[in-house]
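Quantities reported herein were computed from a predicted structural model and do not represent experimental measurements.
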Amino acid sequence: LRDKIFRRQSRMERRETISFYLYILPWIIGFSLFTIVPMCSSFFYSFHKMSVLDLTSDTYVYVGLGNYKSLFQDTMFLSSIGNTFLYAFVKTFATLFFALILALFINTGFKGNKFIRILIYLPAIIPGVASIVVWSQLFSKDFSLLNYFLSFLHIPPIDWTNYETSMGSVILMSVWTGIGPQMLVVLAALQAVPSEVIEAGKMDGASAIRRFFSITLPSISPTLFFLSLTGIIGGLQAYAEMQLLFGTGTDKTMTMAWNVVLNAMSLNGTKTMGYACAQAWILFIIIMCFTAIYFIASKKIMPNNGGKK
């Protein structure tokens, strides 16, 4: 009887295992075709001098580490690294700061907070291209709505897209777009904080500020960590915002991802597809190293994330 039960369980386990792999087979195929194969191909191409037209031929030339050596002699690429990190960090933490402030405000439960929540989230549902087109009009020097309001303060028109202010303009646009989704996530984390703990703090005589820093903030720190990590990773891959808003890149607005796309589409010169693939792998290594460092640091400063106080 035991042998029959064991065989029956073994058949059920085999069926469950087969069913599991059949269910995830479409994902495995898609991941292999659209992630693994392109990554392996780009790693191979990064050691060759070639253009996008050479992908279907054997005319590319092996240059070894030549593309990687040229990267660190390319002033535009070095500038793009600094621009990318500046954009990613300022955009991420500014968005997270305002999202936290708004979530705390809405969590007070005042009358009409649902309507305010919808207004704050509304920019997130606007298509990215449409949002950028609207902001390009707001940033226009001659027909800018922002400059119209500044004129009431007797401030002369500002060219929001010039060399000096361009990075600040794109960060402002990105913060406006990203506040809504992050605010909802932070709000959900705030509402998950045990009310008993907060009430205990009140009974102990802790002020609102003390309760926030001693109870609320440690409780929502894993959520803040997740939002900051995903925000920075997304910011390090920024491309569409700069390209659609400015059209051409300068050493103030060029990002690593934008530089990769420009070089990949180039047909002449040394900065072509092979060079772009080398840039993409440097970007990948930077993101992986940053993620690892961020996780290690978070374990030491966030008690709720597996580390020590």
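- Here Tyr68 and Phe72 keep their ring centres 6.0 angstrom or further from each other.
- Gln279 is not listed as a side-chain neighbour of Met256, based on a closest heavy-atom distance of 4.5 Å or more.
- For Phe44, the side-chain contact (heavy atoms from CB on, under 4.5 Å) partners at least two apart in sequence or on another chain are His48, Tyr60.
- Leu104 and Ile118 fall into different hydrophobic clusters, where Ile, Leu, Val, Met, Phe, Trp and Tyr are joined by side-chain heavy atoms under 4.5 Å apart, directly or via other members.
- Shown here for Val186 and Ala103, the closest heavy-atom pair between the two residues is CG1-CB, 3.7 Å.
- Thr253 and Tyr87 are not linked by any side-chain donor-acceptor pair at a separation below 3.5 angstrom, with hydrogens and angles left out of the test.
- Within the model, atoms OG of Ser228 and CZ of Phe93 stand 5.0 Å from one another, a figure rounded to the nearest 0.5 Å.
- In terms of the salt bridge (Lys or Arg N to Asp or Glu O under 4.0 Å) criterion, Lys69 has no residue partners (sequence neighbours excluded).
- Checking side-chain atoms of Thr230 against main-chain N and O of Leu227 turns up a donor-acceptor pair under 3.5 Å.
- To the nearest 0.5 Å, atom CG of residue Asn113 and atom OG1 of residue Thr108 are 7.0 Å apart.
- More than 12 heavy atoms of other shown residues, nucleotides or ligands fall within 6.0 angstrom of atom CG in Leu25.
- Heavy-atom neighbours of Phe226 CZ from other residues, nucleotides or ligands within 6.0 Å: at or below the threshold of 12.
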In sequence, state the C-alpha distance, the side-chain angles, and the governing distance for Phe98 and Gln182, and then conclude on side chain to side chain contact (heavy atoms under 4.5 Å, CB included).
-> CA-CA 9 Å; Phe98 288 112; Gln182 294 202 8; over 6 Å; no

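- Using modelled atom types, no side-chain atom of Ser214 and backbone atom of Arg211 make a donor-acceptor pair closer than 3.5 Å.
- Closest approach of Ser221 and Pro218 over heavy atoms only: OG-O, 2.8 Å.
- For the atom pair CE (Met76) and CE (Met254), the distance works out to 5.0 Å, reported to the nearest 0.5 Å.
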Step by step, would you call Val197 with Val193 a side chain to side chain contact (heavy atoms under 4.5 Å, CB included)?
-> CA-CA 8 Å; Val197 180; Val193 177; 5.6 Å; no

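- For Leu229 against Tyr294, the heavy-atom pair with the smallest separation is CD1-CD2, 3.6 Å.
- The main-chain N or O of Ala238 is found under 3.5 Å from a side-chain atom of Thr255 such that the two form a donor-acceptor pair.
- Put simply, Met273 and Val61 are part of two different groups of oily side chains (I, L, V, M, F, W, Y) that touch within less than 4.5 Å, one to the next.
- Closest non-hydrogen pair, Ala88 versus Gly235, comes out as CB-C, 3.7 Å.
- Annotation: Phe290 is in aromatic contact with Phe89 [ring centroid separation under 6.0 Å].
- No side-chain donor-acceptor contact under 3.5 Å links Asn263 to the backbone of Thr272.
- For the 3.5 Å distance criterion, the side chains of Trp258 and Ser80 fail to qualify, holding no donor opposite an acceptor.
- Looking only at side-chain heavy atoms (C-beta outward), Ile126 and Val134 stay at 4.5 Å or farther from each other.
- Every ring-ring contact (aromatic ring centres under 6.0 Å, His included) that Phe152 has, sequence neighbours left out, goes to Tyr148.
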Ile120/Ile106 under side chain to side chain contact (heavy atoms under 4.5 Å, CB included): CA gap, chis, key distance, verdict | CA-CA 11 Å; Ile120 296 172; Ile106 292 175; 3.8 Å; yes

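- Taking 4.5 Å as the limit, some side-chain heavy atom of Asp74 sits within range of a side-chain heavy atom of Tyr275.
- Val260 and Val63 fall into different hydrophobic clusters, where Ile, Leu, Val, Met, Phe, Trp and Tyr residues are linked whenever their side-chain heavy atoms come under 4.5 Å apart, directly or through other members.
- When side chains are defined from C-beta on, Leu172 counts as touching Trp135, because their heavy atoms get closer than 4.5 Å.
- Using a 4.5 Å heavy-atom threshold, the side chains of Ser131 and Trp176 count as touching.
- To the nearest 0.5 Å, the span separating CD1 on Ile220 from CG on Leu187 amounts to 10.5 Å.
- Looking at heavy atoms from C-beta onward, Tyr21 lies in side-chain contact with Thr17 at the 4.5 angstrom threshold.
- Phe31 and Val37 fall into different hydrophobic clusters, where Ile, Leu, Val, Met, Phe, Trp and Tyr side chains are chained together by heavy-atom contacts under 4.5 Å.
- Contact between Lys91 and Ser174 at its shortest, heavy atoms only, is CG-CB, 3.5 Å.
- Counting heavy atoms from C-beta outward, Ile232 and Phe85 have side chains that stay 4.5 Å or more apart.
- Here the CD1 atom belonging to Ile29 is positioned 10.5 Å from the CD1 atom belonging to Ile24, to the nearest 0.5 angstrom.
- Of the possible polar contacts, none joining the Thr223 side chain to the Ala189 backbone as a donor-acceptor pair under 3.5 Å is found.
- Looking at Ile198 and Ser195, their side chains never come closer than 4.5 Å, going by heavy atoms from C-beta outward.
- Here the side chain of Asn67 pairs a donor or acceptor atom with the backbone of Ser46 at under 3.5 angstrom.
- Checking side-chain atoms of Ser207 against main-chain N and O of Arg210 turns up a donor-acceptor pair under 3.5 Å.
- Within the 3.5 Å criterion, the main-chain N or O of Met173 finds a donor-acceptor partner in the side chain of Thr177.
- Of the possible donor and acceptor atoms, one in the side chain of Gln237 sits under 3.5 Å from a partner among the backbone N and O of Ile233.
- Residues Trp281 and Ile36 are members of separate hydrophobic clusters, defined by side-chain heavy-atom contacts under 4.5 angstrom among Ile, Leu, Val, Met, Phe, Trp and Tyr.
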Which is it for Tyr121 and Ile179 under the side chain to side chain contact (heavy atoms under 4.5 Å, CB included) test, yes or no, and what are the steps along the way?
-> CA-CA 7 Å; Tyr121 189 78; Ile179 284 178; over 6 Å; no

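- In this structure, CE in Met39 is found 4.0 Å from CZ in Phe284, a value given to the nearest 0.5 Å.
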